[in-house]
Structure formats: structure tokens, C-alpha cells
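Below is one structure, written out as C-alpha cells, with a few remarks after it.
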Amino acid sequence: MKATYKTYFVYYVLISSVFVNAFEPISTTFVVGLGVAAVGRKIYNYVYENCDSKWIAFNSTGLEVALDRKLFGQHVASRVVQKAVTGFMNNKNPKKPLVLSLHGWTGTGKNLVSQLIAENIYKEGMASSFVHQFVSTAHFPHLNQIEDYKSQLQQWIKGNVTNCPRSMFIFDEMDKMHPGLIDCIKPYLDYYEHLDGVSYRQAIFIFLSNAGGEHITQVALDFWKAGRDREEMKLLDLEPALSLSVFNNKQSGLWHTSLIDKNLVDFFVPFLPLEYRHVLLCGMAEMSAKGLKPDQDVVDQMARDLVYFPKSEKIFSGKGCKTIGGKLDYYT
């Protein structure tokens, strides 16, 4: 018969009861009670996720390898994310939470990167009870309820960080969030040691947005027209103007936000538009992920049928790698 946790638990209690017969009756009851409680806690902690090193442990090498193997065409984002997350996780006494704002067109890898970060910090990855994802159009759809959203969001963050200081919060579709809403979490991102008895300094906040995509694309296009290698682009070529364009974008949830005004965002991470060669890499990786033998001819045919822009040059994939999974089903 296959042993279960319950089997081992009962067996341990029986052994304990025999062992403690050497003690007096009062001592026996006390010792058995402690033993059962201790084993119960161990079994619970083994089976159910807890905010401890068994369930939360940063794998710097794992993140580096994952970014290298799964994220294509994003040398700037990959380097910034790796260094920012590693530096933060290795800092035993951070002065504030880590705040990353990821920007770029759809299909360039923003959601993938947030997933890879989670997978290399939490044993359960995105399924961890300490990873919380908000989608603006789903969680905050109505402008006339913005004050309620603010209150709920503050309570949610405070409650979850109280439960586990090493919590991660991902805000997707920031470009669709109602302006002013995100400012309600500003105190939690600041340099306070404690706020109402809670420290937020070990938490991670990640914002995902299409805002700033035009600026990033223009810089990439200028490099291409100048005959410069894409890999020559550095964060300094993109971040200053990117943060300004996001701050002044009235269609963005970060419009005139105090998070930017007070310099609480640690890095504005640009995701470059993907070229044909990057789409090929995505296609080959997707075939492997589907358990198929990568076929260069199939992937090439699929990639050629995608829409590219600008219309005259046709350099960048209009949807990045977002639709490749579905497209490959058609071509295979």
C-alpha cells in the first residue's frame, strides 16, 4: 500500500506514545502534545506553501539562463532585469521595494519576463499564493468606482505583505488603467522603514505597459536607418525619454503619477520591437515547447506570413511573438 502523509503522521504519534511512557502522566501528555503539534506543523509546511526559504528562494543563475534561452531580441531588457532583480534579492536590507516598469509593444516579452522572475523566486512560480497579478480591464474597469478600487487595492497590498513580506505584485495593462488609481499605492513604494507597522521593503512591484512603445520603436528604427547594430543600443539610449513619454501620456495609468514624479520606479525597462530573425527564434522555441521537432522551413513560412512595419521597410513584427503559438498550429 502506498504510504501517505497521514500514514506517516499516525505512525509517528504511535512511536511517540510508546517513547514517552517512561515519563510521568502529566509530562507524557505535554510531550506528546508538543510532538504531535510539531509534526503537524512540519507536514503542513511541507505540503502547503509558506513564506519561508523552502518555498521562496532566488535562483540567479536560473533567471539568467531562462532569459537567455526564452527571451529573444531583448538584450537591454534582459541585462537590466537580471542585474536589478539579482541586486535586490541579494540585498539583505533594501531601502525600498523593487519597482520595475516594463514597456513595449505587444508580444515583445513583458509578460514572459514577469513570469521568469516569479519562477526563479517562488517554487510555485506564477501559481504562488505570494504572486498577485492585476489586469486593469478586468480588475479596475469602471471609472466611477475608482475610489473603491483605491481602497480595495491598498487593503489587498497591505494584507498580503503583512502575510508575506516577500510578495510580488504585477500590474498588467497599465496603459489602460484609469489615471490616478495607481497613485494610491505610492506610500508602499517609498523609503519608509515601516508603515502602520508593516515593512514593504522586500516586496516587488512590476508594471507592464504598451505606453512608450512608439518612442522605443523610433529609437530602434533610427538605429536601423543609420546602419547601426541593434545590439549597440543601451539603456541610456532609451530610458530617459521613455520615462518622460510615459509620464506625459494621458492615455496611460502612469500619466503624471507621483510614482514617477517622486522617482520611485527603479527602472523603466524598454522592450524593443522584434525583427524577422527574432520571430524565427520564437517559432523554433515554440515548436520545442510543443514537443515537436523544430523545423526551420515551417517556422520560416509562418514568419513570412506575419505583418511587419513600417509599411515601406517592413522591419518589425506587428504582434511580436504573441500569436506564434496559434500560427504554428496552422502550419504544422
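Judged purely by atom type and a 3.5 angstrom limit, D52 uses its side chain to pair as donor or acceptor with the backbone of K54. The main-chain N or O of E232 is never found under 3.5 Å from a side-chain atom of D229 such that the two would form a donor-acceptor pair. Put simply, the side chain of S243 gets close to the backbone of P240: a donor and an acceptor are under 3.5 Å apart. A distance-only check finds no donor-acceptor pair linking the side chain of H75 to the backbone of K234 [under 3.5 Å]. With hydrogens and angles ignored, the 3.5 Å screen pairs a side-chain donor or acceptor of N248 with a backbone N or O of L244. A distance-only check finds no donor-acceptor pair linking the side chain of H103 to the backbone of N210 [under 3.5 Å]. With hydrogens and angles ignored, the 3.5 Å screen pairs no side-chain donor or acceptor of T106 with any backbone N or O of K319. S252 places no side-chain N or O within donor-acceptor distance of the main-chain N or O of N249, the cut-off being under 3.5 Å. A donor-acceptor pair is defined here as one N or O able to donate and one able to accept, closer than 3.5 Å; such a pair exists between the side chain of N120 and the backbone of L116. No donor-acceptor distance shorter than 3.5 angstrom exists from the side chain of T86 to the backbone of K83, with no hydrogens or angles considered.
Side-chain contact between Y276 and R304 is present, with at least one heavy-atom pair separated by less than 4.5 Å. Under the 4.5 Å side-chain criterion, counting only non-hydrogen atoms from C-beta, E231 is not in contact with V76. I182 has its side chain within reach of F207: a pair of non-hydrogen atoms, C-beta onward, lies under 4.5 Å apart. You'll find the side chain of F169 stays beyond 4.5 Å of the side chain of V131, heavy atoms only. Side chains of M126 and I170 form a contact here, defined as non-hydrogen atoms less than 4.5 Å apart. Side-chain contact between I204 and M89 is present, with at least one heavy-atom pair separated by less than 4.5 Å. Using a 4.5 Å heavy-atom cutoff, the side chains of C51 and P165 are in contact. The shortest side-chain heavy-atom distance between F223 and D237 falls under the 4.5 Å cut-off.
Neither side chain, S129 nor E124, offers a donor N or O lying under 3.5 Å from an acceptor on the other. Inspection of the Q155 and S151 side chains reveals an N or O donor paired with an N or O acceptor under 3.5 Å. Side-chain polar atoms of Q82 and S60 form a donor-acceptor pair below 3.5 angstrom.
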I would like to know whether L195 and Y188 meet side chain to side chain contact (heavy atoms under 4.5 Å, CB included); could you show each step before the answer?
-> CA-CA 8 Å; L195 200 60; Y188 309 135; 3.7 Å; yes

What's the verdict on side-chain hydrogen bond (donor to acceptor under 3.5 Å, both in side chains) for Q115 and E119, showing C-alpha distance, side-chain angles and the deciding distance?
-> CA-CA 6 Å; Q115 174 187 326; E119 289 175 352; 2.9 Å; yes

Yes or no on side chain to side chain contact (heavy atoms under 4.5 Å, CB included) for Q296 and M284, after CA distance, side-chain angles and deciding distance?
-> CA-CA 7 Å; Q296 183 73 39; M284 297 294 277; 3.9 Å; yes

Between F205 and L100, is a side chain to side chain contact (heavy atoms under 4.5 Å, CB included) present by the stated rule, with each step listed?
-> CA-CA 6 Å; F205 293 81; L100 302 176; over 6 Å; no

Evaluate the side chain to side chain contact (heavy atoms under 4.5 Å, CB included) criterion for residues I216 and W105: first the C-alpha distance (whole Å), next the side-chain angles of each, then the deciding distance (0.1 Å), finally the verdict.
-> CA-CA 9 Å; I216 297 169; W105 290 131; over 6 Å; no

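A 6.0 Å sphere centred on CZ of R166 holds more than 12 heavy atoms belonging to other residues, nucleotides or ligands. Residue K150 qualifies as enclosed at atom NZ: its count of foreign heavy atoms under 6.0 Å is above 12. Heavy-atom neighbours of K290 NZ from other residues, nucleotides or ligands within 6.0 Å: above the threshold of 12. Heavy-atom contacts from other residues, nucleotides or ligands closer than 6.0 Å to NZ of K96 number more than 12. Surrounding NZ of K186 are more than 12 heavy atoms belonging to other residues, nucleotides or ligands, all under 6.0 Å away.
Aromatic rings of F247 and H256 (six-membered ring for Trp) have centroids within the 6.0 Å cut-off, being under it. Taking the six-membered ring wherever Trp is involved, the centroid distance between the rings of H278 and F72 does not fall below 6.0 Å.
Heavy atoms only, all atoms of each residue included: L71 and S78 are closest at CD2-CB, 4.2 Å. Here the closest non-hydrogen pair linking N90 and F58 is OD1-CD2, 4.4 Å. Counting all heavy atoms, side chain and backbone alike, L208 lies closest to I206 at CD2-CG2, 3.7 Å. Smallest separation of non-hydrogen atoms from I260 and F268: CG1-CZ, 3.7 Å. Between L238 and P270, the shortest heavy-atom distance links the atoms CD1-CG, 3.6 Å. Annotation for P187 and C184: closest pair CD-O, 3.6 Å, computed over non-hydrogen atoms.
Using the six-membered ring where Trp is involved, W156 and H132 have ring planes that are perpendicular, over 60° apart on the 30 and 60° scheme. Ring planes of F130 and Y122: tilted class, angle from 30 to 60°. Using cut-offs of 30° and 60° on the angle between ring planes, the pair F134 and H139 is perpendicular.
In this structure, I324 CD1 and L306 CG are separated by 6.5 Å, a value rounded to the nearest 0.5 Å. Note that the CG atom of D329 and the OG1 atom of T332 stand 5.5 Å from one another [nearest 0.5 Å]. Rounded to the nearest 0.5 angstrom, Q152 CD and I157 CD1 are separated by 12.0 Å. Atoms OG and CE, on S136 and M177 in that order, are 3.5 Å from each other to the nearest 0.5 Å. Note that CG of D148 is 12.5 Å distant from CG of L153, once rounded to the nearest 0.5 Å. We find the CG-OG distance between L242 and S209 to be 9.0 Å, quoted to the nearest 0.5 Å.
The existence of a salt bridge linking E275 and R230 is confirmed by a sub-4.0 Å separation between a basic side-chain nitrogen and an acidic carboxylate oxygen. Look at R228 and D222 and you find no salt bridge, because none of the NZ, NE, NH1 or NH2 atoms lies under 4.0 Å from a carboxylate O. By the 4.0 Å N-to-carboxylate-O rule, D172 lies too far from K110 to be salt-bridged with it.
In this structure, L272 is not a member of the same hydrophobic cluster as V279, with clusters built from ILVMFWY side-chain heavy atoms closer than 4.5 Å. In this structure, I146 is a member of the same hydrophobic cluster as M174, with clusters built from ILVMFWY side-chain heavy atoms closer than 4.5 Å. Taking hydrophobic clusters as Ile, Leu, Val, Met, Phe, Trp and Tyr residues chained together by side-chain heavy-atom distances below 4.5 Å, L281 does not share a cluster with Y308. Under a hydrophobic-cluster definition in which Ile, Leu, Val, Met, Phe, Trp and Tyr are linked whenever side-chain heavy atoms come within less than 4.5 Å, directly or via other members, F309 and F271 are assigned to different clusters. Linking Ile, Leu, Val, Met, Phe, Trp and Tyr whenever their side-chain heavy atoms come within less than 4.5 Å puts V269 and L63 in one cluster.
Screening D190, D183, N263 against S258 for a side-chain hydrogen bond (donor to acceptor under 3.5 Å, both in side chains) leaves a single residue, D183.
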